[in-house]
Amino acid sequence: MIELRTPAEIEAMRPAGAFVASVLERLKGEIAVGVNLLELDALAHDMIREAGAESCYIDYHPSFGAMPFGKVLCTSVNDAVLHGLPFDYVIQDGDLVSVDFAASVDGWVADSALSVVAGTAKDADLRLIATTERALEAGIAEAVAGNKTGDISAAIGAVCQAAGYSVNLDFGGHGVGRTMHGDPHVANNGRAGRGVKLRPGLVIAIEPWLLATTDELYTDEDGWTLRSADGSRGAHSEHTVAITEDGPIILTQRAP
Ligand code: MG
């Protein structure tokens with residue numbers, strides 16, 4: 001079911017968006033060679049406690065999950081791209097690290113993700129990350145009342161395909177509100193003019209992600225982490241966006 005938010009409700013979602021943005025800003029600065037993924041999770045957990053926020057992940061136990069997630073952050077490194085379960089791993093020089101974070105504040109959820117390289121970056125990794133960021137911008141630009149979800153999908157897909165990547169359609173964007181995942185689904189490729197009409201009050205997470213040389217995934221033995229079928233690296237960029245009469249509002253916008 002698609003739920004629309006009043007302008008007052010969208011205002012009430014701003015603290016969640018600002019909080020999620022602040023955690024990702026902090027994490028972006030902390031991701032470095034020698035840092036353990038569990039330290040990043042602990043830092044995010046501390047920030048949740050200090051803010052009186054609630055994790056969307058820690059008790060998350062969907063039908064496809066082997067057990068409750070148990071952590072507050074997704075950390076996906078190198079060939080991992082989505083749902084990375086933090087584990088005892090020390091970040092190495094050149095690692096491509098994606099962090100995805102969702103939390104609720106005052107009962108409203110925000111969801112956002114970014115990718116960075118720790119230490120010495122390979123051009124191919126920077127290009128992969130930059131493509132997901134440009135695809136996210138292109139998708140947000142289509143998050144306009146009167147458009148359809150397919151316009152967002154087509155814009156994302158066009159950027160990814162023009163850069164030479166193939167797009168997986170199994171995991172994509174979604175409605176965001178009182179819970180982390182709602183309707184509509186927003187695929188990372190599709191046909192313009194198709195899908196669900198975008199109305200003022202619709203709040204969605206838009207989240208292009210890519211693998212360098214495949215669009216196939218497999219699930220790690222941990223039951224959560226999704227890795228590329230061919231070992232190539234992945235990147236992920238996500239914002240929570242409100243569609244309004246005055247255009248899209250990026251609720252999880254980070255400081256420049
Ligand atoms: Mg997310």
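Here the structure is a predicted model, which is why all the values come from computation and not from measurement. Order of listing sets the numbers, starting from 1, for every ligand and every atom in it.
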Compile the donor-acceptor pairs under 3.5 Å between side chains in residues 5-13 and protein atoms, sequence neighbours left out, one pair per line.
residue: Thr6; atom: OG1; partner: Ala8; partner atom: N; Å: 3.4
residue: Thr6; atom: OG1; partner: Glu9; partner atom: N; Å: 3.0
residue: Glu9; atom: OE1; partner: Thr6; partner atom: N; Å: 2.9
residue: Glu11; atom: OE1; partner: Arg14; partner atom: NE; Å: 3.3
residue: Glu11; atom: OE2; partner: Arg14; partner atom: NE; Å: 3.1

Angle at the Mg ion (ligand 1) between OD2 of Asp100 and OD1 of Asp111, to 10°?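 The two atoms subtend 150° at the Mg ion (ligand 1).
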Looking only at the aromatic ring of each residue, does the gap between the centers of His83 and Phe171 stay below 6.0 angstrom?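 Yes, they do, as the ring centres are separated by less than 6.0 Å.
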Specify which N/O/S atom of Glu238 comes nearest to the Mg ion (ligand 1), by atom name.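 Looking only at N, O and S atoms of Glu238, the one nearest the Mg ion (ligand 1) is named OE1.
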Pairs of donor and acceptor atoms involving the side chains of residues 197-205, under 3.5 Å and at least two apart or interchain, shall be tabulated with distances.
none

More than 12 non-hydrogen atoms from neighbouring residues, nucleotides or ligands closer than 6.0 Å to CZ on Arg194, yes or no?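 No, the 6.0 Å shell around CZ holds no more than 12 heavy atoms from other groups.
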Return yes when at least one N/O/S atom of Glu207 is nearer than 2.8 Å to the Mg ion (ligand 1), and no when none is.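 No, outside the cut-off.
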